[in-house]
Protein chains: 2
Amino acid sequence: MSTRREAVRQALSGSSGFRSAQDLYADLRAEGSKIGLTTVYRALQALSDSGEVDVLRTDEGEAVYRACDTESHHHHIVCRVCATAVEIEGPTVEKWAAEMGAKHGFTGVTHTVEVFGTCASCS
Amino acid sequence: MSTRREAVRQALSGSSGFRSAQDLYADLRAEGSKIGLTTVYRALQALSDSGEVDVLRTDEGEAVYRACDTESHHHHIVCRVCATAVEIEGPTVEKWAAEMGAKHGFTGVTHTVEVFGTCASCS
DNA sequence: CATATTTTGACAACCGTTTTCGTTTTCGTG
DNA sequence: CACGAAAACGAAAACGGTTGTCAAAATATG
Ligand SMILES: [Zn+2]
Ligand SMILES: [Zn+2]
Ligand SMILES: [Zn+2]
Ligand SMILES: [Zn+2]
């Protein structure tokens with residue numbers, strides 16, 4: 001677990017929202033770090049591979065990352081303005097997705113569920 | 001409504017699954033059409049703007065399109081192998097998403113829900 | 001038929017991400 | 001501490017999907 005990867009993890013933990021690789025790179029450089037963009041991408045890749053951070057794609061196709069409190073399966077409600085996210089759980093949704101899969105003869109069923117809105121302080 | 005846009009719409013309707021712009025371009029060229037890739041992108045843009053086709057992003061960030069039977073709000077269960085998709089509705093999920101938004105003080109709440117799996121014929 | 005408008009497609013530019021590769025840092029061992 | 005192997009690093013180039021540019025072609029208008 002290298003120092004650089006730790007720096008990226010911390011930069012990410014410092015925010016409650018989803019951030020892109022370039023956001024984090026800018027943050028770290030602004031703090032005086034000499035980290036390279038490549039390393040930020042590599043760190044994020046490793047962190048998401050190990051399940052330590054969540055990834056999702058914006059409508060524009062950019063990958064954004066978040067250091068969530070729990071590593072167990074969950075979803076998010078994300079502010080469209082400031083990207084702040086709240087972790088949410090949905091037993092209802094979990095069951096529904098599984099049922100839908102079975103009903104249509106699909107196996108190995110997974111799902112992606114994200115909720116978007118404008119948070120209280122951005123309203 | 002130009003001829004080319006109509007050609008793209010038809011190429012898309014010919015498939016039951018989600019297809020990328022480049023997929024459709026390849027299909028059309030294979031059929032002998034002299035359409036350009038730029039035009040395919042433009043047609044898909046217009047079709048999705050007008051709500052005639054659904055768009056979603058793959059994990060790799062590629063945009064894929066589908067001509068769905070209904071233009072009203074719905075979700076999909078998508079085969080990870082052949083990209084075939086089935087339209088599904090989830091009143092349960094709709095309600096759940098709205099509740100979650102309200103509970104956390106978010107306004108203008110929307111959601112994305114997609115289910116993935118391996119379809120019967122690909123298993 | 002002449003002219004204005006729109007559509008088209010080859011090509012270049014763009015942007016986020018990955019690969020490449022030579023250098024630097026870290027780490028295990030004597 | 002010294003040394004070499006291995007891992008991490010960063011700059012720059014390559015990549016792949018998408019969008020912008022612009023002149024040519026098609027279509028509409030009078
Ligand atoms: Zn907000
Ligand atoms: Zn879930
Ligand atoms: Zn299938
Ligand atoms: Zn819905």
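Chain letters run A, B, ... following the sequence lines, proteins first and then strands; every chain starts at 1.
- Put simply, CG on Asp23(A) is 15 Å from P on dC15(C), counting in whole angstrom units.
- Between Arg80(B) and Thr110(A) the shortest side-chain heavy-atom distance falls below 4.5 Å.
- Where Arg42(B) and Tyr65(B) each meet DNA chain D at their nearest nucleotide, the meeting point lying more 5' is that of Tyr65(B).
- In this model, the phosphate group of dG10(D) is approached by a side-chain N or O of Arg4(A) to a distance below 4.0 Å at OP1 or OP2.
- One finds no side-chain N or O of Gln22(B) lying less than 4.0 angstrom from the OP1 or OP2 phosphate oxygen of dG16(D).
- The aromatic rings of His111(B) and His73(B) stand perpendicular to each other, their planes meeting at an angle above 60°, with 30° marking the opposite boundary.
- Counting distance only, with no hydrogens placed and no angle test, the side-chain atoms of Arg57(A) and the base atoms of dG16(C) include no donor-acceptor pair under 3.5 Å.
- You'll find the side chain of His74(B) reaches within 4.5 Å of the side chain of Asp54(B), heavy atoms only.
- No donor-acceptor contact under 3.5 Å links the side chain of Thr3(A) to the base of dA8(D).
- Judged by distance alone, with hydrogens and angles left aside, Thr38(B) brings a side-chain donor or acceptor within reach of the base of dA10(C), the pair sitting under 3.5 Å.
- Once rounded to the nearest 0.5 Å, the distance linking CG of Leu44(B) with CZ of Arg5(B) reads 10.0 Å.
- Leu47(A) places its CG atom 13 Å from the P atom of dA8(D), with the value rounded to the nearest Å.
- For the pair Gln45(B) CD and dT19(D) C1', the computed distance is 9 Å after rounding to whole Å.
- The heavy-atom pair separating Thr84(A) from Ser16(A) by the smallest distance is OG1-OG, 3.4 Å.
- Note: OH (Tyr41(B)) to C1' (dC14(C)) measures 13 Å, nearest angstrom.
- Rounded to whole angstrom, the span from the CD atom of Glu62(B) across to the C1' atom of dC15(D) amounts to 14 Å.
- Atom CD in Glu6(A) sits about 11 Å away from atom P in dC9(D), given to the nearest Å.
- Counting to the nearest Å, the C1' atom of dA25(D) and the NZ atom of Lys34(B) are 16 Å from each other.
- Between the C1' atom of dG17(D) and the CG atom of Leu44(B) lies a distance of 13 Å, rounded to the nearest Å.
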